[in-house]
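Taking it in order: structure first as structure tokens, then the write-up.
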There are 2 protein chains.
Amino acid sequence: MILEHVVLPVIPGREEAFEADFAKAKEIIAAAPGFVGLRLERCLETESRYLLLVEWETLGDHMEGFRGSAAYEEWRALLHHYYDPFPTVEHFEVVATA
Amino acid sequence: MILEHVVLPVIPGREEAFEADFAKAKEIIAAAPGFVGLRLERCLETESRYLLLVEWETLGDHMEGFRGSAAYEEWRALLHHYYDPFPTVEHFEVVATA
């Protein structure tokens with residue numbers, strides 16, 4: 001299991017529209033092969049910052065599978081115009097839980 | 001429910017010692033009032049970067065409760081010397097799941 005991690009700096013004032021479009025976009029990503037689950041969270045200290053965590057079965061399911069799909073073009077068209085600057089995506093693997 | 005989020009830049013070469021001390025430190029935080037759960041994850045792209053996600057019942061359980069406790073001094077002594085630069089902690093609240 002791989003965790004995709006990205007902090008999303010949404011353009012201030014566009015939070016409500018972003019959340020509405022994310023509600024549509026999440027159905028697109030949830031249908032991707034290897035998708036396990038996601039959480040979108042909003043920052044308490046800076047209200048235009050969001051945290052997106054997506055669990056994938058493998059790194060390839062995200063990087064080659066989803067990113068190489070037609071569905072990703074829909075995802076991008078719905079969401080990418082909300083971000084400034086454009087965020088960096090990283091992947092993590094669990095070391096410890098409690 | 002509140003998610004504490006912090007990306008930990010561990011000093012390169014100290015990852016193994018950090019993980020061993022984290023295994024001790026997690027017992028300290030897990031005993032704190034309002035602690036719900038945690039995950040420590042390691043970055044695939046940059047192996048000295050870690051992601052710590054801690055769920056708390058309330059923001060106060062983390063910021064006043066845990067941070068104001070003697071247990072936090074033990075946590076700090078075990079872990080804080082591994083980080084450079086010192087990381088920024090933020091808190092998030094869930095907006096959407098799938």
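Numbered from 1 within each chain, the chains take letters A, B, ... in sequence-line order. Quick caveat: nothing in here was measured; it's all calculated off a predicted structure.
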If hydrophobic clusters are built by linking Ile, Leu, Val, Met, Phe, Trp and Tyr wherever their side-chain heavy atoms come under 4.5 Å apart, do [X] and [Y] end up in the same one?
X     : Y     : value
B/V89 : B/V7  : no
A/F18 : A/F86 : yes
A/L8  : A/W56 : yes
B/Y72 : B/M63 : no
A/F92 : B/Y83 : no

Quick one, [X] and [Y] - any side-chain contact, counting heavy atoms below 4.5 Å?
X     : Y     : value
A/V94 : B/L40 : no
B/L53 : A/L53 : yes
B/Y50 : A/V95 : yes

So what's closer than 4.5 Å to chain A heavy atoms on [X]: side chain, backbone, both or neither?
X     : value
B/L52 : neither
B/F35 : side chain
B/E93 : both

Shorter than 4.5 Å, heavy atoms on both sides: which option in A/L3, A/L38, A/T46, A/I29 has the most such pairs with chain B?
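Heavy-atom pairs under 4.5 Å are most numerous for A/L38.
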
Which residue out of B/V36, B/V54, B/T97 racks up the most heavy-atom pairs below 4.5 Å with chain A?
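Heavy-atom pairs under 4.5 Å are most numerous for B/T97.
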
When B/K26, B/E45, B/E27 are compared by non-hydrogen pairs under 4.5 Å with chain A, the top option
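The option with the most such pairs is B/E45.
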
In plain terms, say whether B/R39 and A/E55 are close enough for a salt bridge, that is, a side-chain N and a carboxylate O under 4.0 Å apart.
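Yes, charged N to carboxylate O under 4.0 Å.
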
CD/A/E73: more than 12 non-hydrogen atoms of other groups inside 6.0 Å:
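Check passes, neighbour count above 12.
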
At a heavy-atom separation under 4.5 Å, does A/E90 approach chain B through its side chain, its backbone, both, or neither?
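Both parts, backbone and side chain.
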
Residue that, paired with B/H5, satisfies side chain to side chain contact (heavy atoms under 4.5 Å, CB included) out of A/H5, A/R49, A/E41:
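The residue from A/H5, A/R49, A/E41 that satisfies side chain to side chain contact (heavy atoms under 4.5 Å, CB included) with B/H5 turns out to be A/H5.
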
